[in-house]
Each structure stands twice: as C-alpha cells, then as structure tokens.
**Student:** 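Can you keep this structure in mind? I'll have questions shortly.
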Amino acid sequence: MDPKLQKVAEVWERDTAIVEGVDISGPWNRMFGQRVIWDYTPDLIEEIAQLPGAESFAWCYQCGKCVPVCPVDVVGDYGPRKLYRRAQTGINLLDSPDLWLCTTCANCLRVCPKLVDMVQIMPAAREHAMLTGRAIPAELQEALENTAKYGNPLGQPARKREAWVKDAGVPVPILHQIQRPVEWLWWVECYPSYHPRGIDASIALARIFNALGLDFAILGREEKCAGDSQRLAGERGLFEMLAEENIRTLSKYEFQHIVVTDPHALNAFRKHYPKLGGQYDVWHYTTLLARELPKLQPLLTKSLPYRVTFHDPCYLGRHNGEYDAPRQLIQALPGVEFVEMLRCRENSYCCGGGGGGMWLDSFAAGHQRRRLSEERVLEAVSTGADTLVVCCPYEVSRFEDAAKSTGVEGRLRVRDIAELLAEAMGLIGEGAA
Amino acid sequence: MTIVVVMEQVPDVVEELAIAPSGTDLDRDAVSYVVNEYDDHALEEALLLAEATGDEVVAVGIDTTGELDQALYTALAKGARRAIKLTGDFEGTWLSTRAAARLLVPVIQELEPRLVLTGVQAPDDLDGQLAPTLAALLGWPHASVVIGSQLVDGALQVRKELWGGMTMTLELELPAVLGVQAARQAPRYVPISRVRQVMREATIETRDVETSGDLAPAIMRLRFPEEAGQAEILTGSASEIADRIIELLRARGLL
C-alpha cells in the first residue's frame with residue numbers, strides 16, 4: 001500500500017487522530033477514504049473536451065445552476081451538469097440520445113459561473129459523432145441531405161424558392177431580374193420561402209416593406225439556407241459550403257444592408273460569415289421595423305382586440321441581445337393588450353427548434369414528457385392570452401402544431417409580428433386590398 | 001478481397017424536368033442529378049459487408065452526366081477505398097442498360113471482385129436489367145431484389161424479396177452479382193466536411209473507354225404524360241355510394 005494511504009487507513013474514523021501534528025479526529029475523516037467517484041476515469045470527459053470548441057465541457061464544477069434553467073430539463077431529464085456527471089459515470093455522450101436533445105438555447109451559459117458553453121460543445125461533439133461513423137437520427141439526416149442537395153432542409157426545389165412572390169400582391173423585386181443596387185437585401189430564408197405559414201408572414205412583410213416605401217429586393221432562387229442550425233446540429237462542413245456559396249452570390253450584387261426574417265440567419269451573418277469573408281450590416285426585421293415606427297405608427301389604423309403574449313426567439317434574444325424591438329412593435333398595435341409570460345426576455349423558454357431541434361422533433365419527443373413547444377403554448381395560454389406572437393420562422397408551425405397536440409387550438413392563435421402589423425395596416429385579412 | 005458497387009446518376013425529379021427545344025432530350029441545363037437511390041442502397045450493403053469481412057469496396061460508374069465525381073467522392077467519404085469513373089463518347093446520352101453493362105464488364109474483370117452490387121433498378125432501367133445483364137456477360141450467378149446479405153466463411157447468403165410479402169434466402173457461389181432493393185439499414189450519413197476532405201485528398205481514377213455499336217436508344221420524341229380524366233370523390237351514405245358506383249359501371253358498359 002502507498003505509505004500515504006497507509007496513514008489514512010490508520011486514522012480511519014478514529015476517535016483520536018493526529019496526522020502530522022493536525023488533529024483530524026472524528027467520523028468526518030472518512031473523506032480520506034476511497035469514494036465512489038474514484039471508480040471512474042475522466043476519459044469520457046476528456047474525449048469531448050479535447051475537441052476544438054468543446055474545451056469548456058471539462059470546466060464544469062457541478063454547481064447545478066444550469067439544470068433548472070434548461071428548457072429540456074423542464075420536460076425531461078437533462079442539463080449540462082447532468083451530461084458531465086453522466087460522462088463521469090461511464091455514459092458516453094457521443095452514443096447517448098443526450099447528444100441530440102440540446103437546442104443550443106444558451107440559457108445555461110447565461111447562468112454558468114464557469115462559462116461551460118454548450119453552444120460550442122454540442123456542435124463539436126455532434127460533428128465528432130458523425131465523423132466517427134455514428135448513426136444520426138433519420139429525420140435530421142434527411143434535413144441535412146436535403147440542405148446539401150437543394151439548399152433548404154425541406155427538400156424543395158431551389159427554383160421554387162421565389163414562387164411565393166407571385167402571391168404577394170405587391171412588387172417583390174428579385175436581384176437577378178432587376179440588376180440594380182438596392183438599399184436593403186431581404187434574406188428571406190427557407191421556411192418563409194417554402195412553408196405555407198412561413199409564406200403568410202413573408203407576404204405580410206413584403207406588403208409592409210412596400211407600404212413603407214423601402215428600397216429592397218430578395219435573392220430568390222439564388223439564396224440558399226444560411227445554414228446556422230445545420231452548423232449547430234454538427235454539420236460544420238455543410239455550413240461552410242453554404243456560407244461560401246452565399247457569400248459568392250452576395251458578392252455579385254450591390255446593397256447596403258441585409259434584413260433577415262430568421263434570427264438563425266441573423267446569428268450566422270453576424271457571428272460566423274465574417275470568419276469566412278462575408279462582412280455585412282445585418283438587421284432582424286423587427287429591429288428595422290421598430291426603427292421605422294414613426295412612419296409605421298400612422299399606418300396602424302385598425303384596432304386589433306387581442307390579448308397577446310410574446311415568445312422571445314433564443315437566437316434573437318439571448319444570442320443577439322434584441323428584446324425590445326418586437327415589444328415596441330407589439331405595443332404599437334392599436335387595441336392590443338400585451339401580457340408577458342413568466343419566462344421571458346433573458347430567461348425566455350425555448351420552442352425546441354434551435355440547434356437542429358427543428359429536425360429532431362419526433363426523436364426529442366421520445367425522450368421528453370412533452371415537447372418544448374407544447375410546454376410553451378401551455379404557458380402562453382396560462383397568461384390568458386388569445387394570441388401568441390412570434391418573430392422566428394421556426395415558431396409559427398411549431399407552436400401551431402403544439403396548440404393542436406395540447407388541445408388549446410381554439411383558444412390560442414399563433415401569429416408572426418409581421419402578420420399582426422399587416423393586419424393592423426389593413427394589408428391582410430378582411431377588407432385587405 | 002474486392003466488392004464492386006456500380007453507381008449511376010439519374011435526373012432529380014424534385015426539380016421540375018423540362019424538355020429541350022430539340023424535343024428528344026431533357027433540357028440538360030435545367031436538370032440536376034442525384035445518385036440512383038437503389039445504388040445508394042447497394043453501396044450501403046457493400047460497406048456493411050466489407051466492414052464485417054475487411055473487403056475493399058470499389059465504386060464504379062459511367063460518367064454520362066459530366067457530374068459523376070460528386071457521387072463518387074461521396075462514396076469514398078462513406079468508406080469506399082477506390083472510385084473509378086468511365087469516360088467516353090457517351091456524355092450527354094442515355095446509355096442503354098446493355099451498352100452500360102458492356103462498358104462495365106472489362107473493368108469488373110480487371111478488378112477481380114468476389115461480389116458486384118448495384119441497384120435493383122433505376123429510372124432508365126425500370127425492368128432491373130443491369131444486374132442480370134452484368135451477370136450474364138460475366139458468366140456469374142445473380143440475385144435481384146436483394147434486401148440483405150452476408151458473407152460467412154467465403155459463402156454468400158442473400159435474402160431477396162418475392163411476392164405477397166414472402167422472402168427467400170439463398171446461397172450463391174462467388175463471384176456473384178446482386179441487384180439490391182434495400183440495404184439492411186438506411187444509407188448512412190456522411191458529413192460534408194468529410195466529403196470535402198476526400199475531395200482534397202483522394203483521386204478518382206478515370207478510364208477513357210472505347211465505344212462501339214449502338215449505345216443509346218434513338219429517341220424520336222419526348223413529352224410529358226397527358227392529363228387524362230379526373231378523380232371524383234363519392235360522398236354520401238354507403239348505399240348512396242354503392243348506387244353511384246353501379247351507375248358509373250353501367251354507364252361504361254361494365255355491368
């Protein structure tokens with residue numbers, strides 16, 4: 001036996017024990033005995049922490065602040081602290097369903113004293129799992145293959161990306177057709193281009209832009225997915241391919257700013273395209289419309305008798321710091337009564353769509369008591385609101401589905417801010433032109 | 001030992017197809033290509049076999065589209081050791097299955113594989129003739145509509161689909177040719193970063209092949225299917241619907 005351990009054995013739970021002149025008598029000196037944790041090796045933690053970007057996985061000191069704020073733990077058994085602990089006890093994150101449950105919402109990072117950053121750890125671990133030949137959930141695989149093939153996760157033809165424009169009822173200039181500089185390049189993104197409810201919001205936004213006299217144009221069929229959620233799902237290579245193609249396309253045209261519908265695109269353009277050579281002045285449409293409020297306000301003529309609450313998108317709020325613009329727009333709506341949910345702003349709940357969650361819905365649902373989107377619509381209903389307002393294109397379909405599956409469909413409608421603004425402007429709905 | 005997978009690219013029908021002004025071909029500028037989905041399954045089955053036995057998978061294709069590299073790089077990224085592309089005077093033609101088999105046989109013979117896998121059918125081979133034609137030209141045994149296989153002690157067992165939900169397991173002497181309907185598991189995902197790494201580091205072997213004789217069927221005219229008739233949804237009670245069906249059948253002289 002190690003002579004030092006011999007010394008420990010001698011004092012083990014002695015009534016009187018003096019070691020090197022220090023009195024450590026009493027039962028508490030069992031701390032010198034072997035504890036359960038010694039049965040495990042740090043190998044599985046190190047396997048993750050050695051991946052570029054995932055270093056902070058090893059910094060966790062198990063304080064547990066992350067767990068109660070984790071939206072996945074609310075409906076399941078999850079949280080960064082738990083992942084670390086599971087790795088200690090021999091569960092390999094790379095082979096565990098846990099690998100796919102994080103939505104990279106960043107609420108854990110907000111409270112973590114050690115800056116354990118799941119927003120970087122998860123993509124690195126997921127990429128490593130893919131590169132080491134581990135199977136990925138089938139629904140995610142399909143979305144990634146679709147994105148690689150068609151430039152959108154829905155598997156829709158690239159040429160149909162601009163098809164919604166013909167239903168807009170107002171001019172939506174497309175850059176490859178107009179061949180002139182514009183002030184605002186509107187990055188429409190995938191769901192607002194292809195998904196029926198996304199298209200509703202795009203049409204509303206196009207009409208608002210026209211009513212404001214904004215000099216804008218879209219890329220249409222030349223636009224490809226900005227790729228941020230694919231990156232967070234572990235597909236860095238796919239993200240880089242998309243970013244390179246998009247940067248090449250953007251370099252053909254003259255514009256001053258980009259306005260995006262999708263907070264995930266905002267995040268990609270702000271934080272990740274610059275590293276690949278794409279530097280742009282990028283705005284979320286709520287930020288742009290809030291700036292235009294002096295012009296917008298007089299156009300909001302129709303009173304909307306709704307009690308509304310607002311869901312902060314993770315990638316607009318926590319990730320990019322914009323909490324006020326959507327609220328300014330909602331409060332400018334005549335007739336609307338605005339109530340906050342308990343979990344709002346910095347502590348907003350997550351719809352479950354981020355970080356690849358959009359394409360892991362069935363998989364995640366199999367590991368949770370209820371979907372994150374279902375948890376959120378129930379919270380919205382609990383405020384007494386009849387309308388849940390959103391401004392991220394993942395959310396309309398997620399929350400509408402959740403309202404159906406939780407049986408609150410008749411009590412809660414889900415509307416993009418653009419839809420409510422257009423309605424108050426008389427641009428959509430009854431009596432619209 | 002070697003397992004050969006024969007792969008083909010076909011027009012992607014997610015994108016709308018357009019007919020070229022000549023009226024005898026698709027508008028190739030507007031067409032994008034994807035790997036024939038059954039070939040993707042053949043590759044997966046080959047990789048699963050090779051992982052169990054240590055065999056080497058070689059992907060082979062005839063480049064009729066000028067874009068086959070992408071498919072072959074993806075095969076390499078998934079785990080194929082070599083990729084061979086046949087080029088020649090046939091780019092931009094729709095090779096007949098027989099002509100394709102004739103072009104492939106010399107390469108297969110040179111590789112001396114113990115197994116050749118390809119998709120059970122393709123949009124330009126709806127009768128599933130490629131695997132049997134290759135087998136006939138090589139003089140090897142063949143099975144098609146294969147949905148699983150294993151190599152045990154040098155013997156090949158394959159499971160193939162019959163009809164009415166029946167399957168059959170048979171043993172084939174090697175070398176053999178398989179037309180694969182579905183791999184044992186869904187084709188694997190390969191991250192784009194791996195494909196891009198392979199594109200930088202690996203080489204596709206190119207063989208320029210001589211061609212002779214008729215390569216492709218002569219297309220006289222290409223057109224979209226014409227819309228014929230419309231579906232009518234019958235509503236009402238069961239007896240009302242039954243009356244309506246009888247009426248419709250009588251009107252067509254079928255009753």
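Sequence lines set the chain letters: A, B, ... in the order given, protein chains first and strands last, and positions in each chain run from 1.
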**Student:** Suppose a student defines contact as a heavy atom less than 4.5 Å from any heavy atom of chain A. Which residues in residues 58-86 of chain B would they list?
**Tutor:**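 The residues closer than 4.5 Å to chain A amount to none at all.
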
**Student:** Heavy-atom cut-off 4.5 Å, strictly under: side chain, backbone, both or neither for A/L144 against chain B?
**Tutor:**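 Backbone plus side chain of A/L144, per the 4.5 Å heavy-atom cut-off to chain B.
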
**Student:** With a 4.5 angstrom heavy-atom cut-off, could you sort out which part of B/R188 is near chain A: side chain, backbone, both or neither?
**Tutor:** backbone

**Student:** Kindly check if the number of other-residue, nucleotide or ligand heavy atoms within 6.0 Å of CD (B/E201) is above 12?
**Tutor:** yes

**Student:** For A/E245, look at atom CD and say whether over 12 heavy atoms of other residues, nucleotides or ligands are found less than 6.0 Å away.
**Tutor:** yes

**Student:** Quick check: under 4.5 Å, non-hydrogen atoms only, which of residues 14-25 of chain B neighbour chain A?
**Tutor:**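 Within residues 14-25 of chain B, the residues under 4.5 Å from chain A are B/V14, B/E15, B/E16.
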
**Student:** Does the pair A/E127 and B/S193 meet the rule for a side chain to side chain contact (heavy atoms under 4.5 Å, CB included), with working shown?
**Tutor:** CA-CA 9 Å; A/E127 179 179 40; B/S193 53; 3.4 Å; yes

**Student:** Just give me the residue among A/M130, A/M241, A/Q141 that pairs up with chain B most often, heavy atom to heavy atom, under 4.5 Å.
**Tutor:**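 The answer is A/Q141.
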
**Student:** Apply ring-ring contact (aromatic ring centres under 6.0 Å, His included) to A/H367 and list each qualifying residue two or more places apart in sequence or on a separate chain.
**Tutor:**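 ring-ring contact (aromatic ring centres under 6.0 Å, His included) list for A/H367, sorted by chain: A/F363.
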
**Student:** Please find the pair of heavy atoms, one from A/A148 and one from B/I192, that lie closest to each other, and give the distance.
**Tutor:**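 Nearest heavy atoms, A/A148 then B/I192: CB-CD1, 3.8 Å.
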
**Student:** Evaluate B/Y189 against A/E235 for side-chain hydrogen bond (donor to acceptor under 3.5 Å, both in side chains), listing each step before the verdict.
**Tutor:** CA-CA 11 Å; B/Y189 186 69; A/E235 247 297 11; 2.6 Å; yes

**Student:** Please classify the contact between B/V190 and chain A as side chain, backbone, both or neither, with a heavy-atom cut-off of under 4.5 Å.
**Tutor:**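 Just the backbone, heavy atoms under 4.5 Å.
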
**Student:** Going by the rule ring-ring contact (aromatic ring centres under 6.0 Å, His included), which residues pair with A/Y273 if we only count those two or more places apart in sequence or in a different chain?
**Tutor:**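 A/Y273 satisfies ring-ring contact (aromatic ring centres under 6.0 Å, His included) with A/F239, A/F269 only.
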
**Student:** Need one label for A/A138: side chain, backbone, both or neither, based on atoms under 4.5 Å from any heavy atom in chain B.
**Tutor:** neither

**Student:** Are the side chain of A/R236 and the backbone of B/P191 linked by a donor-acceptor contact shorter than 3.5 Å?
**Tutor:**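 Judged by distance alone, no pair lies under 3.5 Å.
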
**Student:** Which atoms of A/I136 are under 4.5 Å from chain B, going by heavy atoms: the side chain, the backbone, both sets, or neither?
**Tutor:** side chain

**Student:** Quick check for you: to the nearest 0.5 Å, what is the distance between B/Q197 atom CD and A/L131 atom CG?
**Tutor:** 8.0 Å

